[in-house]
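Below, chains carry the letters A, B, ... as their sequence lines are ordered, and counting in each starts from 1. Just so it is clear, the values below take in all heavy atoms, side chains as well, and ignore hydrogens, waters and symmetry mates. Just so it is clear, the structure is predicted and the values come from calculations on it, not from any experiment.
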Amino acid sequence: MLDIKALREDPDHFRRALRVRGEAGNHQAVDRILELDQGRRAAITEADELKARRNSVSRTIGERKRAGEDASDLIAEMREVGARIAELDGRVAEADAEIGTLLLETPNLPLEEVPEGDESANVELRQVGTPLRHPFDARPHWELGEALGILDLARGAKVSGSGFPVLRGAGARLQRVLIEWMLEIHVREHGYEELHVPYLVTGDALTGTGQLPKFSDESWVTSRDDLWLIPTAEVPVTNLRRDEIIRAGELPLRYTACSPCFRREAGAAGKDTRGLLRVHQFDKVELVRFETPERSREALEELTAEAETILERLGLTWRVLRLAAGDLGFAAAMTYDIEVWAPGVEQWLEVSSCTTFTDYQARRANIRYRPAPGEKARFPHTLNGSALALPRLMVALLETYQQEDGSVIIPEVLRARMGSEHLMA
RNA sequence: GGAGGGGUGACGGAGCGGCUAACGUACCGGUCUUGAAAACCGAGGUCAGGAGAAAUCCUGCGUGGGUUCGAGUCCCACCCCCUCCGCCA
């Protein structure tokens, strides 16, 4: 959520910043918000004066009654004052509601560094490694997986529909081993606290992180209880501290959690959906940070490096993109996408988005921190990134380490946990 | 799911529909002290949000409605926590 006070002070800045997001920027909302805000404040001023009067007169009424005197003239007057107050309060509530809706539907402001334009304006910052070309006919992961008996897409579809892959045997084991290995790196080397979180959350939680109200089509919701399946662990983890004031000195907070992620992918049918490329349910190790505004920019670089180290240790090839404004997520102020090279499908696959939300999520979720005892509470910055998403990581591993005979070599760092050096049919 | 109990400030804990939410603890300030603790003093102060240039004022007693000149207090609905019962991995 944007800061209405800042918006009031420098509306042009907001109009400009929202305009670079294109259509989704909703910059027209700025003027409507200013107009509502003005009416709201006028009503509050008048209502407050009347309330002050009512409070003091009500006291007088009480005194008179106790003294056995008549107070009917004051009561009659206060009845009218009460009606006027109710009218003004109603007007304030209406303005609050409309302002609230507009603020909830207006995305975050991109940082200055974010390039203007759509997806095509994304900037490649670095590429590590060289995209591999196998000297033999490289196979896509779905062929490798089916042949090795570690991936069963057909039966997953039988049970739940397309987009719900089943991993079998060594495939299931490989994913489990990867999850454990990644979590331990983040806990032991990067200082994160491991969490295990609910997979069903309230609508309030999704609003706090920015998925609702605008993107309800993207999530599944249960009809009996109005609980939503999480699209990412970001939602329960960030909302852990909703409506709290984090004590002085507790920042930064670093949480990591692995969870399944449920995504309807509405409108994405047929678009790079083969095999594991785009699925409705997948596992992901997520990193979430709460940082002071002063440190958040630096923290984004750290977070991105923490995700990259996973790819480095697995010996994969990747590149890092700075997303353009038009490609940013709704709540994001800046995002680095990490894409891994998959030589079977010959594509760069997004395995991580590392994002700073500045104070946007914190405002929505009403998460604050006290910089020092006795100081006024402020909004922290929240950041998160995948490290990493499992299916596409599995794709890159299988396709990169496939051999001409269809077997797959297990990367060195996973061998002890896997208890083997190869995947073989 | 059923029965009962509960939700008030940083914490504990009162609060017949009517001065400005009692009291205690903690914290903060002061006296004393080399320093601290203890003790004592303080019509005092402490949280969040909002309006205002400011003085100051308004709102907040789980949430949302309602009754009333006036609601922590009365009415309705809902949420959460605790105890017991039932069901259950």
Side-chain angles (χ1 to χ4, degrees), chain A residues 1-10 33-104 196-208 212 221-228 236 239-250 260 359-380:
Chain A
M1 191 150 62
L2 300 176
D3 180 1
I4 188 160
K5 280 190 221 153
L7 185 146
R8 200 184 285 152
E9 274 163 31
D10 189 2
I33 289 171
L34 288 173
E35 184 188 336
L36 289 162
D37 181 51
Q38 208 168 9
R40 173 183 176 274
R41 285 189 292 159
I44 285 176
T45 302
E46 190 185 341
D48 280 359
E49 280 167 13
L50 292 176
K51 283 175 185 175
R53 172 153 172 75
R54 180 177 68 182
N55 286 344
S56 84
V57 172
S58 286
R59 240 169 271 139
T60 307
I61 292 173
E63 283 162 19
R64 281 206 202 169
K65 285 205 162 183
R66 244 171 293 123
E69 295 168 20
D70 176 55
S72 52
D73 54 332
L74 293 178
I75 289 176
E77 187 194 342
M78 285 308 103
R79 192 169 288 149
E80 278 173 40
V81 167
R84 177 67 181 156
I85 288 173
E87 184 190 333
L88 289 163
D89 278 351
R91 208 184 291 171
V92 172
E94 270 172 44
D96 276 342
E98 196 178 337
I99 290 170
T101 301
L102 287 167
L103 286 176
L104 286 178
H196 186 77
V197 292
Y199 303 153
L200 288 169
V201 297
T202 63
D204 285 344
L206 281 162
T207 302
L212 289 181
V221 60
T222 62
S223 58
R224 290 175 95 85
D225 304 292
D226 199 35
L227 287 170
W228 299 68
N239 277 285
L240 270 194
R241 297 303 193 120
R242 184 151 49 96
D243 295 321
E244 287 188 29
I245 298 178
I246 297 164
R247 279 201 306 278
E250 249 193 291
D359 62 3
Y360 187 88
Q361 285 184 331
R363 276 177 201 287
R364 287 173 81 102
N366 191 30
I367 300 164
R368 287 165 297 171
Y369 77 101
R370 207 176 293 288
E375 277 187 46
K376 208 167 148 51
R378 305 168 66 195
F379 292 105

Problem - Span that lies between the P atom of B:C32 and that of B:C16, in whole angstrom - result: 44 Å

Practice task
Whole angstrom is fine here: how far is it from CZ in A:Arg64 over to P in B:C69?
Solution key: 16 Å

Problem - Nearest-Å distance once atom C1' is located in both B:G49 and B:G44 - result: 24 Å

Exercise for the section: Starting from C1' on B:A48, measure out to CD1 on A:Ile367 and report it in whole angstrom. Expected result: 16 Å

Handout entry: A:Asp89 CG to B:G64 C1', straight-line distance once rounded to whole Å
Key = 15 Å

Practice task
Determine which bases of RNA chain B form Watson-Crick or G-U wobble pairs with both distances under 3.5 Å, and write the result as a 5' to 3' dot-bracket string with | for other-strand partners.
Solution key: ((((((((.[[[..)..(....]]]((.(((.......)))...))(((((....))))).[[[[[..)....]]]]])))))))....

Handout entry: Phosphate-side-chain proximity, A:Arg79 and B:C69, N/O vs OP1/OP2 below 4.0 Å
Key = yes

Show each protein N/O and nucleotides 50-55 of chain B N/O combination with a separation under 3.5 Å, one pair to a line.
from: B:G50; atom 1: N2; to: A:Asp48; atom 2: OD2; distance (Å): 3.1
from: B:A51; atom 1: OP1; to: A:Arg8; atom 2: NH2; distance (Å): 3.2
from: B:A51; atom 1: O2'; to: A:Thr45; atom 2: OG1; distance (Å): 2.8
from: B:G52; atom 1: OP1; to: A:Arg41; atom 2: NH1; distance (Å): 3.1

Problem - Validation row: A:Asp73, A:Arg64 side chains within 4.5 angstrom (heavy atoms) - result: yes

Practice task
Indicate yes or no for a side-chain donor-acceptor contact from A:Arg364 to the backbone of A:Leu104 under 3.5 Å, with no hydrogens or angles considered.
Solution key: yes

Completion exercise
Rounded to whole Å, the CD-P distance (A:Glu63 to B:G18) equals 14 Å

Problem - Short side-chain N/O contact from A:Arg370 to OP1 or OP2 of B:U46, under 4.0 Å - result: no

Handout entry: Salt-bridge criterion met for A:Arg53 and A:Glu77 (N-O under 4.0 Å)
Key = yes

Fill in the blank from the handout: One should read off an interatomic distance between A:Asp225 CG and A:Leu200 CG, to the nearest 0.5 angstrom, of 8.5 Å

Handout entry: Between B:C78 and B:U83 - P atom distance, rounded Å
Key = 23 Å

Exercise for the section: State plainly whether the residues A:Glu87 and A:Arg91 are in salt-bridge range, i.e. N to O under 4.0 Å. Expected result: yes

Completion exercise
Residues at least two apart in sequence or cross-chain that pass salt bridge (Lys or Arg N to Asp or Glu O under 4.0 Å) with A:Asp89, listed by chain then number, are A:Lys51

Problem - A:Arg370: partners by side chain to side chain donor-acceptor pair (under 3.5 Å), with sequence neighbours left out - result: none

Problem - Rounded P spacing from B:A43 to B:A48 in Å - result: 24 Å

Handout entry: Reported CG-to-CD distance for the pair A:Leu103 and A:Glu98, which is rounded to 0.5 angstrom
Key = 11.0 Å

Problem - For atom CD1 of A:Ile61 and atom P of B:G18, their distance in whole Å - result: 14 Å

Problem - Value rounded to 0.5 Å, distance of CG in A:Leu74 from CD in A:Glu69 - result: 10.5 Å

Practice task
Please state the P separation for the pair B:G5 and B:C75 - nearest whole angstrom.
Solution key: 14 Å

Exercise for the section: Taking all non-hydrogen atoms of both residues into account, name the closest pair between A:Val201 and A:Pro236 and its distance. Expected result: CG1-CB, 4.2 Å

Completion exercise
What one should report as the nearest heavy-atom pair of A:Phe379 and A:Asp359 is CB-CB, 3.8 Å

Practice task
For B:U73 versus B:A21, give the span between their P atoms, rounded off to a whole number of Å.
Solution key: 14 Å

Fill in the blank from the handout: Comparing A:Ala377 with A:Gly62, nearest RNA chain B nucleotide closer to 5' gives the residue A:Gly62

Handout entry: Distance, nearest 0.5 Å, that separates CG of A:Asn366 from CE of A:Met1
Key = 8.0 Å

Atom pairs, protein N/O to nucleotides 70-76 of chain B N/O, distance under 3.5 Å:
from: B:G70; atom 1: O4'; to: A:Ser58; atom 2: OG; distance (Å): 3.4

Problem - Distance, P atom - from B:C40 to B:G24, rounded to whole angstrom - result: 12 Å

Exercise for the section: Round to the nearest Å and state the distance from A:Leu88 atom CG to B:U59 atom C1'. Expected result: 15 Å

Exercise for the section: Write down the distance separating the P atoms in B:C11 and B:C85, rounded off to the nearest Å. Expected result: 32 Å

Problem - Distance in angstrom units between A:Ile85 CD1 and B:C58 C1', rounded - result: 10 Å

Practice task
Please tell me which of the listed nucleotides, B:G18, B:G49, B:U59, lies nearest to the side chain of A:Lys51?
Solution key: B:U59

Exercise for the section: Sequence neighbours left out, what passes side-chain contact (heavy atoms from CB on, under 4.5 Å) with A:Thr202? Give chain and number order. Expected result: A:Asp204, A:Ala205, A:Leu227, A:Arg242

Completion exercise
Judged by nearest nucleotide, the residue sitting upstream toward the 5' end of RNA chain B, A:Ser56 or A:Glu49, is A:Ser56

